[in-house]
Amino acid sequence: MINPDTPLPFIYAITDAKENNETFYVKVSRGSYTDDIYFTLSIYDRIKTGSETFSFSGTAENKGNTNLSPNGADSTVLRLDLTKQTSIPKDAIVKRISTAATQTPSQGNTRHCIMSEENKVWHRALANSSTQGNYDITLDDNLSVSSIWNFKYNTLATAKSTMKNVKLKIDYEYDVTTQF
């Protein structure tokens with residue numbers, strides 16, 4: 001393997017410590033080589049974190065909850081394809097996700113909704129807000145950042161509205177050894 005940060009070759013072994021102060025052993029076999037062997041041993045965290053914000057294009061439109069449904073009315077859906085986004089590390093998993101947008105006119109009783117096409121489950125924001133959404137999505141959901149994401153909003157308001165400047169912020173984790 002070649003370290004992407006230096007031109008020096010290296011070998012790595014994946015070890016997962018379960019607690020502090022664990023002991024690991026490294027065995028180096030000389031084979032038939034009889035001269036001195038020099039090497040360094042380094043230990044790094046394999047799991048790294050990152051965060052990026054992406055923008056949906058277009059405007060979501062909501063005709064209003066004219067039927068006075070207790071479930072509200074959904075807007076049109078905006079789509080964001082992150083499957084070819086090169087800034088996302090390979091196999092990055094969503095740790096936390098949020099959305100932000102501008103609604104016109106600003107209305108109460110409005111909730112953002114997000115869906116990954118990986119599992120096709122709509123997640124409603126934890127609280128009503130026309131400007132932002134925070135979701136109950138964690139590492140346990142095992143959602144890939146590199147997916148197609150869909151956004152809509154739901155409102156109990158009866159008047160028409162639109163939502164634009166929709167942004168998706170994703171905090172993620174990835175294993176650095178899968179990047180080589």
Side-chain angles (χ1 to χ4, degrees), residues 4-5 14 16 45-180:
D5 298 327
I14 297 173
D16 290 321
D45 289 333
R46 280 182 33 232
I47 306 304
K48 302 288 184 184
T49 60
S51 181
E52 286 192 60
T53 301
F54 307 95
S55 295
F56 285 87
S57 60
T59 301
E61 299 176 355
N62 195 309
K63 295 183 184 204
N65 187 19
T66 55
N67 296 333
L68 301 177
S69 167
N71 297 323
D74 286 342
S75 70
T76 56
V77 175
L78 301 180
R79 188 171 187 264
L80 177 63
D81 187 348
L82 298 181
T83 59
K84 293 178 176 65
Q85 183 71 33
T86 57
S87 63
I88 300 170
K90 181 180 175 193
D91 300 328
I93 302 298
V94 174
K95 183 177 183 180
R96 193 172 22 260
I97 200 163
S98 62
T99 51
T102 304
Q103 185 186 28
T104 306
S106 181
Q107 299 172 322
N109 294 315
T110 298
R111 244 180 233 233
H112 292 197
C113 303
I114 195 80
M115 177 185 77
S116 167
E117 289 194 9
E118 182 178 4
N119 68 354
K120 300 197 182 308
V121 173
W122 280 106
H123 296 269
R124 287 173 53 101
L126 297 173
N128 286 335
S129 172
S130 63
T131 58
Q132 66 182 10
N134 294 298
Y135 303 87
D136 188 22
I137 296 174
T138 66
L139 289 169
D140 292 336
D141 294 296
N142 201 33
L143 290 175
S144 175
V145 177
S146 295
S147 183
I148 296 171
W149 293 90
N150 295 281
F151 172 87
K152 67 181 180 181
Y153 69 100
N154 178 280
T155 186
L156 293 175
T158 56
K160 293 179 183 179
S161 63
T162 60
M163 200 168 279
K164 61 184 178 180
N165 302 323
V166 180
K167 302 209 179 307
L168 174 67
K169 182 181 180 208
I170 302 178
D171 298 332
Y172 54 81
E173 283 190 357
Y174 65 99
D175 186 333
V176 74
T177 62
T178 64
Q179 311 307 304
F180 304 131

| message | side chain to side chain contact (heavy atoms under 4.5 Å, CB included), that's the test. Do Ile170 and Trp149 meet it? Break it down for me. | response | CA-CA 11 Å; Ile170 302 178; Trp149 293 90; 4.2 Å; yes
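- Here the side chain of Gln107 pairs no donor or acceptor atom with the backbone of Ser161 at under 3.5 angstrom.
- Considering every non-hydrogen atom in both Asp171 and Ser51, the closest pair reads OD1-OG, 2.6 Å.
- A 4.5 Å side-chain heavy-atom check between Leu82 and Phe54 finds at least one atom pair inside the cut-off.
- Interatomic distance, CD1 of Ile97 versus CG of Asp136, reported as 12.0 Å (0.5 Å rounding).
- Checked by atom type, the side-chain pair Ser144/Glu118 shows no donor-acceptor distance below 3.5 Å.
- Checked by atom type and distance alone, the side chain of Thr59 never pairs as donor or acceptor with a backbone atom of Lys164 at under 3.5 Å.
- Judged purely by atom type and a 3.5 angstrom limit, Asn154 has no side-chain atom pairing as donor or acceptor with the backbone of Cys113.
- Without hydrogens or angle criteria, His112 side chain to Ser130 main chain gives a donor-acceptor distance under 3.5 Å.
- No side-chain N or O of Arg79 forms a donor-acceptor pair with one of Asn150 less than 3.5 Å apart.
- Here the rule is side chain to side chain donor-acceptor pair (under 3.5 Å) with Thr155, and of Thr110, Asn109, Asp74 only Thr110 fits it.
- Remark: Thr131 OG1 to Asn165 CG distance equals 12.5 Å, nearest 0.5 Å.
- Scanning all heavy atoms of the two residues, the minimum distance from Lys84 to Asp81 falls at N-OD1, 4.4 Å.
- The minimum heavy-atom distance linking Thr49 with Glu173 is given by the pair CG2-CG, 3.8 Å.
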| Given the rule in the side chain to side chain contact (heavy atoms under 4.5 Å, CB included) test, do Tyr135 and Val94 qualify, once you have shown the distances and angles that lead to the verdict? | CA-CA 11 Å; Tyr135 303 87; Val94 174; over 6 Å; no
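- Remark: Ile88 CD1 to Thr83 OG1 distance equals 9.0 Å, nearest 0.5 Å.
- In terms of heavy atoms, Met115 sits closest to Val121 at CG-O, 3.4 Å.
- Side-chain polar atoms of Ser147 and Ser116 form a donor-acceptor pair below 3.5 angstrom.
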| said: Determine whether Ser69 and Asn67 satisfy the following criterion, side-chain hydrogen bond (donor to acceptor under 3.5 Å, both in side chains), listing intermediate values before the conclusion. | reply: CA-CA 5 Å; Ser69 167; Asn67 296 333; over 6 Å; no
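- A distance of 10.5 Å separates OG1 in Thr76 from NZ in Lys152, rounded to the nearest 0.5 Å.
- Side-chain contact check for Leu143 versus Asn119: some heavy-atom pair is nearer than 4.5 Å.
- A heavy-atom distance below 4.5 Å is not found between the side chains of Met163 and Ser75.
- When all heavy atoms of Phe56 and Phe151 are compared, the pair lying nearest together is CZ-CB, 3.7 Å.
- Annotation: Lys48, atom NZ; neighbour count of heavy atoms from other residues, nucleotides and ligands within 6.0 Å is above 12.
- The OG atom of Ser146 sits 9.5 Å away from the OH atom of Tyr172 when rounded to the nearest 0.5 Å.
- Classification of Asp175 and Arg46 as a salt-bridged pair holds, one side-chain N sitting under 4.0 Å from a carboxylate O.
- A donor-acceptor contact closer than 3.5 angstrom is absent between the side chains of Thr99 and Tyr153.
- Between the CZ atom in Arg111 and the CG atom in Leu156 there is a gap of 9.0 Å [rounded to 0.5 Å].
- The nearest pair of heavy atoms linking Ala101 to Val166 is CB-CG2, 3.8 Å.
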